[in-house]
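These notes concern the structure reproduced below.
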Amino acid sequence: MFILRTAGLKSGFAALRQSVCVLGAACVAVLAPLTAGWAQAAAPSAPSAGSAASAAVTQAKPVKMALIESLSGPFANTGEAVYRNIYWAMERVNARGGVQLPATAGGPRPLALERYDSKGQNEEALSALRAAIDDGAQVILQGNSSATAAVLIEAINKHNERDPGKRVLFLNYSAVDPILTNEKCSFWHFRFDAHADMRMAALMQVMREDKAIKRVYLIGQDYSFGQAVLREAKKQLATQRPDVAVVGEELHPVGRVKDFAPYAVKIKASGAQAVITGNWGNDLTLLVKAARDVGYEGSFYTFYGNALGAPAAIGDAGIGKVVAVADWLPNVPGAQSEAFYQSFRARFPKPQDDYVHMRMQLMIEALAQSIERAGSTDVVAVARQMETANVQMAGQGGHMRGADHQFQQALAVGVMGKKGSPGVKFDVEGSGYGFRVVRQIAADKAQQPHSCQMQRF
């Protein structure tokens, strides 16, 4: 069973606060008249209910999960990309019969998903959290803003202390400010993405070998994550490439800049041979497009330059010059990895939907594993099992470090190239450009020390 809930729907549906089941032919048939105007746009196409296991599990009480993300506004594309990934991961768990619990705990249970639009605002995210808890959610999913993740951690800490009968877990797949598993670490929070310092260290392994780079420009979004990226870039440049000069450093408002031309002009005028940025979503796409338009010929070292319009925006100018770090890339060598990517593309064939995250698949597998090992959906019991989660999938995998709740996994660094060139079998988003993997960093080499002092339950 999947339950969808889209906050802020037009035409009066938001006021109805209606949950819509999208797994099971009978459910779809009953709700079709109500949802005809918007369900097709709001959710991926409903999967087949042919499996006896999945058909049976839809009758059981679901484990409710709430996705809190920007589903409207300038970063709506990032929220929808997350939704597709989580949806696909949960389909896989439910297709095998859901999470397997003993009869005393209600037997096999399906995972259910509700979505709440934070509109890119912390206050809206907190409102969505309250609504999700009122709706019975036990697991909160969020990641596309470290600032939002920080306020959710604080709110969840207070809620779980105040109302232990309705405790919730927080699974974070993208909020990578290192502080979240250091000073702000929480027993209730688990991060499945490599944090900014880990990603920067991976990029530096590649930059260390590019001796032509002598001048770099740092630019980022003006909030906790963007600030952390620039801070760590300067720190690691000082130790890894002391011969490189920082010739510009700039922070800009998040999601509010429509014309990056003035920034691009300054980057070009600085003489920088490379730009380091943690920008994501439209803030990255518009930046690289502006750089191309003003004739900037330097490299981009990015956290998220491998999709969401960035490769198409920069075009041929990015070949061999746009570098991206990720937990996994479509061109990671290996038959299992290739089959994984092709199965996602078969499920979501539209070019604009082509952004798959291995870590989000591993996150849902870790949740299912932890519930099954706990033999219960009790949040404390599940959290204790999550601390030692160890999951493998499609030749990739990782484990949770219990000390700070930071997932430990391999990282891949890729360089942009044309589809069909050596190492670029797959492009992204139908752009004709993909990423050739130039460095793979094992989990034990990617890990970083932590300063977490966690209160345990």
Are the side chain of [X] and the backbone of [Y] linked by a donor-acceptor contact shorter than 3.5 Å?
X	Y	value
Ser146	Phe225	no
Ser118	Ser70	yes
Ser145	Thr148	yes
Gln361	Asn85	yes
Asn331	Val424	no
Asn182	Pro178	yes
Asn172	Ser174	yes
Tyr341	Gln336	no
Glu372	Gln100	yes
Ser337	Gly334	no

Ignoring hydrogens and angles, state whether a donor on the side chain of [X] or [Y] is under 3.5 Å from an acceptor on the partner side chain.
X	Y	answer
Arg359	Gln396	no
Asn279	His252	yes
Arg208	Gln240	yes
Arg401	Gln406	no

**Prompt:** Angle class for the His189/Phe170 ring planes (parallel below 30°, perpendicular above 60°, tilted otherwise)?
**Reply:**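 The arrangement is tilted - the two ring planes meet at 30° to 60°.
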**Asked** Using 30° and 60° as the class limits, which term best fits the ring planes of Phe340 and Trp328: parallel, tilted or perpendicular?
**Response**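 Judged by the thresholds at 30° and 60°, the geometry between Phe340 and Trp328 is perpendicular.
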Residues which pass ring pair (Phe, Tyr, Trp, His ring centres under 6.0 Å) with [X], listed by chain and number, not counting sequence neighbours:
X	value
Tyr301	none
His357	Tyr355
Phe190	His405

Between atom [atom1] of [X] and atom [atom2] of [Y], what is the distance when rounded to the nearest 0.5 Å?
X	Y	atom1	atom2	answer
Gln447	His195	CD	NE2	10.0 Å
His159	Trp188	NE2	CH2	9.5 Å
Met198	Leu203	CE	CG	13.0 Å
Asp259	Leu286	CG	CG	9.0 Å
Thr181	Asp404	OG1	CG	5.0 Å
Ile133	Asp163	CD1	CG	8.0 Å

Could you pull out the closest heavy-atom pair between [X] and [Y], with the gap in Å?
X	Y	answer
Leu411	Asp327	CD2-CA, 3.9 Å
Leu218	Ala233	CD2-CB, 4.1 Å
Ser186	Asn157	OG-OD1, 2.7 Å
Ala137	Val168	O-CG1, 3.3 Å
Val379	Arg167	CG2-O, 3.1 Å
Pro422	Arg436	O-CD, 3.2 Å

**Request:** Evaluate side chain to side chain donor-acceptor pair (under 3.5 Å) for Arg373 paired with Gln369, printing each intermediate quantity in order.
**Result:** CA-CA 6 Å; Arg373 285 169 47 188; Gln369 178 190 101; 3.0 Å; yes
Scan for salt bridge (Lys or Arg N to Asp or Glu O under 4.0 Å) pairs involving [range], sequence neighbours excluded, and state none if there are none.
range	value
residues 195-206	Asp193-Arg199
residues 305-317	Asp316-Lys418
residues 238-248	Lys214-Asp243, Arg241-Asp243

Going by heavy atoms in the side chains, are [X] and [Y] under 4.5 Å from each other?
X	Y	value
Phe192	Met400	yes
Leu251	Ile219	no
Asp354	Phe348	no
Lys289	Phe260	no
Leu111	Lys64	no
Met363	Ile86	yes
Tyr83	Glu69	no
Tyr217	Lys266	yes

Quick test of your reading: applying disulfide bond (SG atoms under 2.5 Å apart), list the pairs with at least one residue in [range], sequence neighbours left out, ordered by first then second residue.
range	result
residues 413-457	Cys185-Cys452
residues 268-350	none
residues 241-300	none

**Request:** Report the C-alpha distance between Gln273 and Arg215 in whole Å, list the side-chain angles of each, state the deciding distance to 0.1 Å, and finish with yes or no for side chain to side chain donor-acceptor pair (under 3.5 Å).
**Result:** CA-CA 6 Å; Gln273 292 126 339; Arg215 297 159 65 87; 5.6 Å; no
Should we say atom [atom1] of [X] is surrounded by more than 12 heavy atoms from elsewhere, each under 6.0 Å from it?
X	atom1	value
Arg256	CZ	no
Glu250	CD	yes
Lys158	NZ	no

**Pairing residues for Glu183 by the salt bridge (Lys or Arg N to Asp or Glu O under 4.0 Å) criterion, not counting sequence neighbours** =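 Listed in chain order: nothing, the list is empty.
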**Request:** Tell me, please, which residues at least two apart from Glu338 pass salt bridge (Lys or Arg N to Asp or Glu O under 4.0 Å).
**Result:**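 By the salt bridge (Lys or Arg N to Asp or Glu O under 4.0 Å) rule, Glu338 matches Lys425.
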**Request:** Find out whether the Lys NZ or Arg CZ of Arg92 is both under 6.0 angstrom from the six-membered ring centre of Trp88 and within 45° of the ring's axis.
**Result:**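 Geometry flag: set, cation within 6.0 Å and 45°.
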Is it true that [X] and [Y] make a salt bridge, defined as a side-chain N closer than 4.0 Å to a carboxylate O?
X	Y	answer
Arg96	Glu91	no
Glu297	Lys321	no
Glu154	Lys184	no

Listed pairs under 3.5 Å, donor-acceptor, residues 304-314 side chains, sequence neighbours left out:
none

